[in-house]
Amino acid sequence: MEFKDYYKILCVEPDANAKTIKTAYRKLAHKYHPDMNPDEGAEAKFKEVAEAYHVLKNEQLRAEFDELRQYGSQSRHDFQPPPGWKAPPNTGQQGGSQFHGDFSDFFNSIFGGRGQSHHAQGFDQAQRSARGQDIEIELPIFLEETLKESQKTVEFVMPADDYAQTAPSKKHLKVKIPQGVMDGERIRLKGQGKPGHQGGTAGDLYLHIRVVPHPLFDVQGHNIIITIPLSPWEAALGTKISVPTLDGKIHLTIPPDSQSGDKLRVKGKGLKTKTLIGDMFAVVKVTMPEKTSEKGKQLWQELANSEDFDPRLEWST
Amino acid sequence: MEFKDYYKILCVEPDANAKTIKTAYRKLAHKYHPDMNPDEGAEAKFKEVAEAYHVLKNEQLRAEFDELRQYGSQSRHDFQPPPGWKAPPNTGQQGGSQFHGDFSDFFNSIFGGRGQSHHAQGFDQAQRSARGQDIEIELPIFLEETLKESQKTVEFVMPADDYAQTAPSKKHLKVKIPQGVMDGERIRLKGQGKPGHQGGTAGDLYLHIRVVPHPLFDVQGHNIIITIPLSPWEAALGTKISVPTLDGKIHLTIPPDSQSGDKLRVKGKGLKTKTLIGDMFAVVKVTMPEKTSEKGKQLWQELANSEDFDPRLEWST
Amino acid sequence: MSETLFSISFDELCQVEGIEGELIIEIVEYGIVMPINKPSDQIRYEQWLFDTGAIHWVKKALRLRQDLEIDWVAIAMVIKLMQQKEALQKENRLYQRQLRRFIPSGDLD
Amino acid sequence: MSETLFSISFDELCQVEGIEGELIIEIVEYGIVMPINKPSDQIRYEQWLFDTGAIHWVKKALRLRQDLEIDWVAIAMVIKLMQQKEALQKENRLYQRQLRRFIPSGDLD
């Protein structure tokens with residue numbers, strides 16, 4: 001086990017006072033906090049900094065650490081607590097912030113479960129209540145599934161018990177997904193989170209809805225958008241085509257002389273909630289064949305000769 | 001002049017202590033601060049709140065206000081300071097924050113220029129230095145102008161002098177705009193801001209570059225993007241076209257069987273700085289004629305018969 | 001079959017986070033989150049209902065306060081900006097997806 | 001003809017805002033802005049140069065501190081988020097403009 005010099009981690013001198021330590025911690029913490037820094041490694045760095053602060057801001061822990069530090073600084077890379085060091089058994093991690101209470105092996109070997117409840121005021125869940133923690137998982141949903149109430153089987157891993165000896169376990173849960181859920185919404189399943197301790201109620205399970213990007217449809221509010229590829233002759237002559245919607249095909253009339261980017265509105269074929277129904281917008285996209293036959297080349301040439309059309313008129317003005 | 005009840009503005013009782021007043025101010029201020037709230041009216045609301053706090057946080061000003069308040073609350077809508085009230089002459093607004101020091105007529109009528117220097121520590125510019133204020137203006141620039149150093153005449157309004165009696169005045173300034181300026185950059189013109197006071201140096205003028213959206217080109221980093229409208233026959237048969245760039249036209253070869261969305265890279269025709277030159281990307285957009293001739297319709301029909309092409313193949317898989 | 005909910009009550013929220021009701025009232029006063037039944041203003045705080053998205057931000061606010069020791073005004077500003085950022089990112093993804101339907105090769109490089 | 005500059009020195013910045021050099025060092029330490037010649041790290045603060053965009057953020061940081069009485073950690077977070085928001089808005093505008101070249105009628109409604 002590597003010895004962690006908490007002073008070095010916070011970039012402070014070993015004789016720094018409480019205020020200096022706090023300032024140093026906050027300077028580093030806001031840089032690496034997972035809510036502020038999505039970079040890989042930032043969270044690990046934050047935890048290290050938080051652990052250092054957790055020890056150094058507490059007079060008693062700091063005194064114990066100082067004692068150990070004199071001993072530990074001699075055997076930096078293969079640190080063992082001195083013989084007779086009374087590390088209480090690790091009582092495991094406890095609630096509060098998702099970051100505090102998640103300490104390194106080094107910390108646990110010297111402090112054990114002690115000092116893990118020094119959370120800021122108001123957060124000291126572990127001591128006041130034994131309600132189980134909430135769990136949040138992402139739930140991918142297909143756009144089509146949002147049209148009506150659906151049933152899903154949700155699979156997730158229930159983390160290990162905080163206090164006792166249960167291992168992480170796979171859970172299956174049948175869930176009713178209401179009509180009209182939107183991307184980014186959260187669904188709450190009361191009491192399906194971590195079990196409580198000593199008669200406390202269980203936590204909740206949150207399903208964070210992620211609507212899977214659809215190969216054909218884009219979502220904008222309650223409306224959906226579909227791109228309609230047309231051959232140039234379909235665009236020129238107009239046509240009737242069969243167009244997919246979220247619930248089955250419909251027939252759509254393309255007027256003659258349609259243009260790339262033209263937008264057709266199909267009422268009521270968007271997303272549905274209990275209170276409102278969105279529309280579908282069909283956007284024309286003129287698409288060329290990958291290859292042209294010899295006959296085709298000839299016809300294209302004839303069109304070029306016959307039609308009076310400057311597609312780049314805007315460039316000459 | 002309307003009487004302003006600073007207590008009401010901060011939603012506190014007239015006997016509120018300093019801490020309560022500070023909390024009340026901050027609660028309102030963060031909601032309406034122009035850096036946080038772009039809504040119309042937010043800035044005016046913030047200024048009102050800031051003025052109330054400015055008075056109530058200062059013991060002496062608060063005492064004076066309390067005295068006036070008993071008098072003023074009787075003539076709410078047509079408030080005049082009591083006869084003999086010693087309002088010093090208004091010495092005008094002073095620097096610091098762009099919000100503090102911009103007080104209402106009501107404030108000026110009772111406090112005059114007094115109490116205007118109660119800025120937070122470190123900001124007390126007006127008392128310690130008489131350097132003129134910086135001015136920032138937006139400078140619209142055409143994309144073409146960024147390719148090489150250019151000259152511009154900048155027009156702006158020099159605000160009225162803080163201390164003396166000069167009125168706002170129109171200024172003209174010839175400016176060298178360096179090659180390669182980018183949208184959002186700021187150019188500093190040293191000493192062209194507000195004149196200093198009592199031998200102080202003048203402030204600076206900042207030009208905030210706004211590259212005017214171009215009718216043809218979009219900018220992405222140092223590259224520019226142009227959409228190339230092609231007739232379907234040009235896309236099918238290929239062609240040579242003349243394409244505008246930021247500095248003159250170039251010839252571009254469109255290969256046969258080009259597709260909407262195809263992207264051609266034209267090296268070195270993007271934006272230019274002293275150290276690097278971007279590229280131009282030409283994106284094909286197949287465009288239909290607005291009208292089709294009778295001959296054309298016949299040819300389109302023949303093409304439809306001759307070519308084996310399903311533009312919506314992706315829908316059937 | 002588990003019951004699905006889209007809200008959480010004031011009482012439940014107090015239990016969830018193990019925090020005082022006062023703290024939640026504070027969070028609401030600073031505009032960090034808004035009860036879904038607040039506008040009627042007659043509602044007493046014991047009757048407040050929050051949507052499940054709000055819980056996410058309440059937890060984030062508490063975490064920031066604990067981990068960074070910043071005060072409520074600052075937290076309110078940070079949370080508001082984070083929410084705006086999230087909305088912009090979502091908008092961005094939509095535009096990008098739409099654009100790719102017309103320029104399949106996507107972003108320039 | 002006025003001379004155009006893209007930078008401002010440490011000394012000049014102290015005069016501009018009428019603030020102590022210590023405050024500027026603080027602002028840099030919190031990562032609110034970065035001198036353009038900082039990376040070499042050998043540079044003493046008296047030799048720092050800031051780009052003219054940084055000044056904008058320095059001023060905003062000072063204004064927020066004065067107007068809202070929030071501390072440096074909070075200001076650093078707020079400024080960082082504001083900068084990210086600005087970048088996203090810029091990206092958004094580009095996508096929207098590009099999209100309108102293919103769908104002239106623009107946004108749906």
Side-chain angles (χ1 to χ4, degrees), chain A residues 22 25-26 29-30 33-36 46 50 95-100 119-129 131 133-134 136 151 154 173-178 181 183-192 200-201 203-208 213 218-220 225-227 260-261 283 285, chain C residues 1-9 12-24 26-27 50-70 74-75 78-79 81-83 85-87 89-91 93-104:
Chain A
K22 179 174 168 174
Y25 162 71
R26 295 179 72 230
H30 90 271
H33 197 279
D35 285 339
M36 289 299 292
F46 172 74
S97 155
Q98 69 174 86
F99 305 111
H100 284 110
H119 300 314
Q121 328 89 289
F123 291 90
D124 211 340
Q125 186 188 63
Q127 292 196 329
R128 281 213 310 268
S129 133
R131 183 182 178 276
Q133 270 187 323
D134 291 344
E136 179 169 312
Q151 261 191 34
V154 173
L173 207 59
K174 266 198 183 163
V175 181
K176 224 179 252 173
I177 306 293
V181 286
D183 185 58
E185 277 186 338
R186 287 179 171 83
I187 291 177
R188 177 176 170 228
L189 299 170
K190 201 173 166 179
Q192 300 289 355
T201 54
D204 297 338
L205 176 68
Y206 284 90
L207 309 177
H208 192 188
D218 294 321
V219 179
Q220 186 158 355
I225 312 161
I226 184 171
T227 306
S260 248
V283 180
K285 177 188 171 189
Chain C
M1 180 71 59
S2 298
E3 199 197 352
T4 55
L5 299 169
F6 280 93
S7 64
I8 185 167
S9 71
E12 286 174 320
L13 192 55
C14 292
Q15 285 169 36
V16 168
E17 291 297 330
I19 54 168
E20 318 288 340
E22 285 160 44
L23 220 52
I24 297 177
E26 193 97 352
I27 287 177
F50 297 87
D51 72 39
T52 44
I55 307 344
H56 167 74
W57 293 108
V58 168
K59 289 187 182 178
K60 204 184 270 277
L62 294 173
R63 202 159 64 221
L64 287 171
R65 181 159 175 268
Q66 174 177 8
D67 291 341
L68 299 170
E69 304 185 7
I70 58 178
I75 288 172
V78 165
I79 295 280
L81 288 164
M82 282 179 169
Q83 287 168 342
K85 226 186 92 182
E86 221 176 63
Q89 280 166 329
K90 196 170 174 175
E91 229 180 288
R93 280 195 298 272
L94 169 67
Y95 288 139
Q96 264 178 301
R97 264 206 289 275
Q98 268 265 282
L99 206 48
R100 215 162 291 146
R101 305 223 181 251
F102 290 90
I103 314 178

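Each chain gets a letter, A, B and so on, in the order its sequence line appears, and its residues count up from 1. The structure presented is a predicted model; accordingly, all values stated were derived computationally and were not measured.
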>> Counting only non-hydrogen atoms closer than 4.5 Å, does A/S260 touch chain C with its backbone (N, CA, C, O), its side chain (CB onward), both, or neither?
In response: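 A/S260 has no heavy atom closer than 4.5 Å to chain C.
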
> Is it the backbone or the side chain of A/L173 that comes under 4.5 Å from a heavy atom of chain C, or both, or neither?
Replying inline: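 For A/L173, side-chain heavy atoms alone lie under 4.5 Å from chain C.
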
> Pick from A/T201, A/D183, A/V181: which one has the most heavy-atom pairs with chain C under 4.5 Å?
Replying inline: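 With the most close heavy-atom pairs to chain C, the winner is A/D183.
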
> Based on non-hydrogen pairs under 4.5 Å, which of A/L205, A/L189, A/L207 is most in contact with chain C?
Replying inline: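 The answer is A/L189.
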
> Excluding sequence neighbours, so at least two apart, what forms side chain to side chain contact (heavy atoms under 4.5 Å, CB included) with C/R101?
Replying inline: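 Testing C/R101 for side chain to side chain contact (heavy atoms under 4.5 Å, CB included), a comparison that skips the adjacent residues, returns A/D218, A/T227.
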
> At their closest point, which heavy atom of C/E69 faces which heavy atom of A/R26, and how far apart are they?
Replying inline: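 That closest heavy-atom pairing would be O-NH2, 3.1 Å.
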
>> So which atom in A/V219 and which in C/L94 form the shortest heavy-atom distance, rounded to 0.1 Å?
In response: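 Minimum heavy-atom contact is O-CD1, 3.1 Å.
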
>> I need the single residue from A/K190, A/Q133, A/R188 that forms a side-chain hydrogen bond (donor to acceptor under 3.5 Å, both in side chains) with A/D204. Which is it?
In response: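 When side-chain hydrogen bond (donor to acceptor under 3.5 Å, both in side chains) is applied between A/D204 and each of A/K190, A/Q133, A/R188, only A/R188 qualifies.
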
